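As the structure is a computational prediction, the values presented were derived from the model and not from experiment.
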Amino acid sequence: MMNVIANKDNICIRKMEESRDDFELFLKWMTDPDTMKYWEGMNEHFTYDRVVKGYKEGNEEGIVQCIIEYNSAPIGFCQFCILNAEYYEVPEKEYNRYIEKADLVFGIDIFIGEVSFRNQGLGTKSLRLLITALFNDYHADAILIDPKIHNARAIKCYHKCGFKDYFVVPHRELQDGIYHDSLIMGIRKE
């Protein structure tokens, strides 16, 4: 039985299964140029074995990897985990300006992998559903996300969902031989 994280308005976020179907689905998305432009980079080459290895390593690190479904069709991916400044690889001084010591903080990633489902508001709806689940069911105090600053479409979506710009970490992510700045964005439980 699938482990559902959240389900509302024809969108379901379920845990990714250790199955050929889910691994091949993720591999399909990780070979799409529009996804890779923002996710890992055009020089990264995913194979089935790399997807399986990444899934297993993520599980060992406590990362909850999920498939987003719309009307029962898989359309995207998200993941979340508990984090701190060191785990998130951000300056502790900046992190502590927005996060209190007692806070339970989750870091998230999300994308719509199926091209035909992009630009329909499903990313925004899926993100709102994930945020609600993390605050209500996982008792998060704050949620952080870290888009590369050139990912304007994602940043616009995150703003629509209530994320605020916290700080920029220069040269944080290596992609296609270039270090890119990351915008650290956050939302707090009301």
Side-chain angles (χ1 to χ4, degrees), residues 1-19 21-40 46 51 54-55 58-59 62-83 88 104-166 182-190:
M1 182 171 158
M2 289 187 275
N3 198 340
V4 174
I5 301 296
N7 193 357
K8 183 180 179 186
D9 296 333
N10 300 327
I11 295 175
C12 177
I13 299 173
R14 65 166 175 85
K15 287 186 180 179
M16 186 174 176
E17 296 177 347
E18 190 170 346
S19 71
D21 287 346
D22 278 0
F23 293 150
E24 287 180 351
L25 187 61
F26 191 73
L27 177 60
K28 174 185 168 189
W29 296 334
M30 289 293 95
T31 54
D32 171 61
D34 284 339
T35 301
M36 295 305 288
K37 181 171 28 174
Y38 298 108
W39 191 263
E40 292 285 342
F46 278 76
V51 168
Y55 172 83
N59 278 349
I63 299 171
V64 180
Q65 300 159 88
C66 302
I67 300 294
I68 301 166
E69 296 180 347
Y70 177 66
N71 290 328
S72 300
I75 63 164
F77 175 83
C78 64
Q79 62 184 8
F80 59 91
C81 67
I82 297 173
L83 56 82
Y88 213 42
L104 178 59
V105 183
F106 283 84
I108 63 171
D109 294 301
I110 188 169
F111 67 82
I112 300 299
E114 291 297 324
V115 176
S116 62
F117 288 92
R118 293 180 183 156
N119 300 314
Q120 297 180 32
L122 294 172
T124 301
K125 289 178 183 176
S126 299
L127 180 55
R128 286 182 176 141
L129 185 59
L130 178 61
I131 291 167
T132 300
L134 290 175
F135 284 146
N136 294 343
D137 302 330
Y138 288 80
H139 311 291
D141 295 303
I143 302 168
L144 300 180
I145 196 162
D146 61 343
K148 295 174 188 76
I149 60 169
H150 67 271
N151 194 347
R153 184 171 74 186
I155 291 169
K156 182 178 177 183
C157 170
Y158 305 155
H159 283 145
K160 276 196 266 185
C161 292
F163 280 84
K164 305 223 180 309
D165 299 353
Y166 281 1
S182 292
L183 173 61
I184 309 303
M185 305 175 74
I187 185 171
R188 296 193 61 84
K189 187 172 187 175
E190 292 180 9

Quick one: pull up [atom1] in [X] and [atom2] in [Y] and give me the separation to the nearest 0.5 Å.
{"X": "Thr124", "Y": "Lys156", "atom1": "OG1", "atom2": "NZ", "result": "9.0 Å"}
{"X": "Glu24", "Y": "Trp29", "atom1": "CD", "atom2": "CH2", "result": "12.5 Å"}
{"X": "Ile67", "Y": "Ile13", "atom1": "CD1", "atom2": "CD1", "result": "11.0 Å"}
{"X": "Ile187", "Y": "His159", "atom1": "CD1", "atom2": "NE2", "result": "11.0 Å"}
{"X": "Tyr88", "Y": "Ile184", "atom1": "OH", "atom2": "CD1", "result": "5.0 Å"}
{"X": "Lys164", "Y": "Arg188", "atom1": "NZ", "atom2": "CZ", "result": "12.0 Å"}

Of the non-hydrogen atoms in [X] and [Y], which two are nearest, and what is the gap between them?
{"X": "Phe163", "Y": "Leu127", "result": "CE1-CD2, 4.1 Å"}
{"X": "Ile155", "Y": "Lys148", "result": "CD1-O, 3.9 Å"}
{"X": "Phe80", "Y": "Cys66", "result": "CE2-SG, 4.0 Å"}
{"X": "Val4", "Y": "Asn7", "result": "CG1-CB, 4.0 Å"}
{"X": "Ser126", "Y": "Ile11", "result": "OG-CG2, 3.7 Å"}

So, applying side-chain contact (heavy atoms from CB on, under 4.5 Å) with Tyr70, which one of Asp9, Ile112, Asn10 is it?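 Single side-chain contact (heavy atoms from CB on, under 4.5 Å) partner of Tyr70 among Asp9, Ile112, Asn10: Asn10.
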Under the ring-ring contact (aromatic ring centres under 6.0 Å, His included) rule, collect the residues that match up with Tyr166, sequence neighbours excluded.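 With sequence neighbours excluded, Tyr166 shows a ring-ring contact (aromatic ring centres under 6.0 Å, His included) to Tyr98, given in chain and number order.
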Report the C-alpha separation of Ile68 and Leu122 in whole Å, then their side-chain angles, then the decisive distance to 0.1 Å, and conclude whether the side-chain contact (heavy atoms from CB on, under 4.5 Å) test is met. CA-CA 10 Å; Ile68 301 166; Leu122 294 172; over 6 Å; no
Return yes when atom NZ of Lys8 has more than 12 non-hydrogen atoms of other residues, nucleotides or ligands closer than 6.0 Å, and no otherwise.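 Incorrect, the count does not exceed 12.
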Are the side chain of Asp22 and the backbone of Glu17 linked by a donor-acceptor contact shorter than 3.5 Å?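 Yes, the answer is positive, given that a donor and an acceptor are paired below the 3.5 Å cut-off.
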Under 3.5 Å donor-acceptor, Gln65 side chain and Tyr55 backbone: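 Looks like yes, one N/O pair under 3.5 Å.
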Tell me which donor-acceptor pairs under 3.5 Å the side chains of residues 128-147 have, and how far apart each pair is, sequence neighbours excluded?
unit_1 : atom_1 : unit_2 : atom_2 : d
Arg128 : NH2    : Lys160 : O      : 3.0
Thr132 : OG1    : Arg128 : O      : 3.0
Asp141 : OD2    : Leu104 : N      : 2.7
Asp146 : OD2    : Arg172 : NH1    : 2.7
Asp146 : OD2    : Arg172 : NH2    : 3.1

Tell me, with the steps shown, if Ile108 and Cys78 meet side-chain contact (heavy atoms from CB on, under 4.5 Å). CA-CA 7 Å; Ile108 63 171; Cys78 64; over 6 Å; no
With sequence neighbours excluded, tell me which residues meet side-chain hydrogen bond (donor to acceptor under 3.5 Å, both in side chains) with Glu18.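 Result, side-chain hydrogen bond (donor to acceptor under 3.5 Å, both in side chains) vs Glu18: none returned.
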With sequence neighbours excluded, residues passing side-chain hydrogen bond (donor to acceptor under 3.5 Å, both in side chains) with Lys28: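 side-chain hydrogen bond (donor to acceptor under 3.5 Å, both in side chains) check on Lys28 returns Glu114.
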Please name all residues satisfying side chain to side chain contact (heavy atoms under 4.5 Å, CB included) with Cys81, sequence neighbours left out, ordered by chain then number.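 Counting only residues at least two positions away or on another chain, Cys81 forms a side chain to side chain contact (heavy atoms under 4.5 Å, CB included) with Ile63, Tyr87.
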Just jot down the side chain to side chain contact (heavy atoms under 4.5 Å, CB included) partners of Ser72, sequence neighbours excluded, or say none.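 Checked Ser72 against side chain to side chain contact (heavy atoms under 4.5 Å, CB included); zero matches.
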